[in-house]
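What follows is a short report on a single structure.
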Amino acid sequence: IKDLGFDGTEVHGSHIGPGMPGVPVFEAHAAAVGDVVRRAGLFVSTLNVVGDETFDPFGAGNARETTIDGLAAHMRWAAAMGAPRVLIWEGRVERRQDVEGACRSLAEIIETANRRSKLADPPPVSVEAHTFTFGLKHHALPELAVALRSVGAGICLDFCHFGVALGRDNILPALDDEVLAAINHVHYADTDTKNSELHFPPGEGVIDIDAIGRRIAGRSLAVSWDLFGWPGPRHAIRAKMDIYRNFVGRHVAGPPRTSGAS
């Protein structure tokens with residue numbers, strides 16, 4: 001990752017432990033990951049636990065408590081490895097009329113997890129909406145944004161997921177002032193606006209990445225290049241790194257630092 005030209009990397013929770021069923025993962029594992037990353041000359045930009053099996057905020061039975069305990073543990077992992085944020089998704093809600101309650105419940109879960117982590121300064125949460133999670137599925141980003149900001153959390157703007165869920169011409173209108181104020185993380189990618197889990201390199205899809213960049217310009221944001229699903233990530237990075245670096249340099253407040261995601 002360092003040799004490809006990045007300054008930092010997101011770490012996914014599934015990469016931390018040995019990956020064997022029933023083998024627990026502790027803060028010591030996370031701390032070791034952080035040490036390895038820093039010895040390589042990188043920083044940990046985010047702990048990404050999107051899709052973690054413990055996260056089921058609207059499930060039956062004890063799912064809510066399991067979600068809170070899991071998120072609290074992930075906050076401790078992030079603190080141990082030196083990650084400045086924890087990336088989750090917001091969960092699935094089938095009916096539009098349930099979105100208000102889901103926003104309220106998600107905010108309560110994050111707030112409770114903050115306390116349950118027993119950290120003096122728990123890392124903030126960023127929520128990566130997907131095409132099938134309720135924020136994008138029900139076009140409920142403003143409601144989600146308000147709920148998240150009320151507990152110090154925010155939204156991860158993933159160009160691919162937004163493009164597929166909203167369409168090429170509706171990304172910028174969706175970034176109204178309420179949503180924009182909540183964005184605290186960016187997953188940079190292009191998209192064909194058809195395949196939600198295929199993140200294209202810049203210029204290989206159909207969205208106007210620079211227009212999105214102008215909308216978020218001047219804000220202090222963490223930006224990671226997300227190539228999830230792309231079959232040739234190293235080739236794409238070598239070919240397009242200057243484009244990515246220029247984007248980060250033009251559109252992010254403060255010293256530009258480039259990070260790679262999944």
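Starting from 1, each residue takes its place in the sequence as its number.
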Without swapping roles, check the side chain of [X] against the backbone of [Y] for a donor-acceptor pair under 3.5 Å.
X	Y	value
Ser117	Asn114	yes
Thr46	Arg85	no
Asn48	His12	no
Arg245	Gly5	yes

Can you classify the ring geometry of Trp225 versus Tyr244 as parallel (below 30°), tilted (30 to 60°) or perpendicular (above 60°)? tilted

Return the set of residues passing side-chain contact (heavy atoms from CB on, under 4.5 Å) with Thr193 (not counting sequence neighbours), or none when no residue passes. Arg168, Thr191, Val206, Ile207

Verdict with reasoning, Asp56 to Arg64, per salt bridge (Lys or Arg N to Asp or Glu O under 4.0 Å): CA-CA 7 Å; Asp56 185 17; Arg64 179 185 171 98; over 6 Å; no

Please list, chain by chain and in numerical order, all residues satisfying side chain to side chain donor-acceptor pair (under 3.5 Å) with [X], sequence neighbours excluded.
X	answer
Asp176	none
Asp169	none
Glu111	none

Tell me every residue that passes ring pair (Phe, Tyr, Trp, His ring centres under 6.0 Å) with His130, counting only those two or more places apart in sequence or in another chain. Trp89, Phe132, His161

Which residue pairs satisfy the ring pair (Phe, Tyr, Trp, His ring centres under 6.0 Å) criterion with at least one member in residues 105-124, sequence neighbours excluded?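 Residue pairs with at least one partner in residues 105-124: there are none.
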
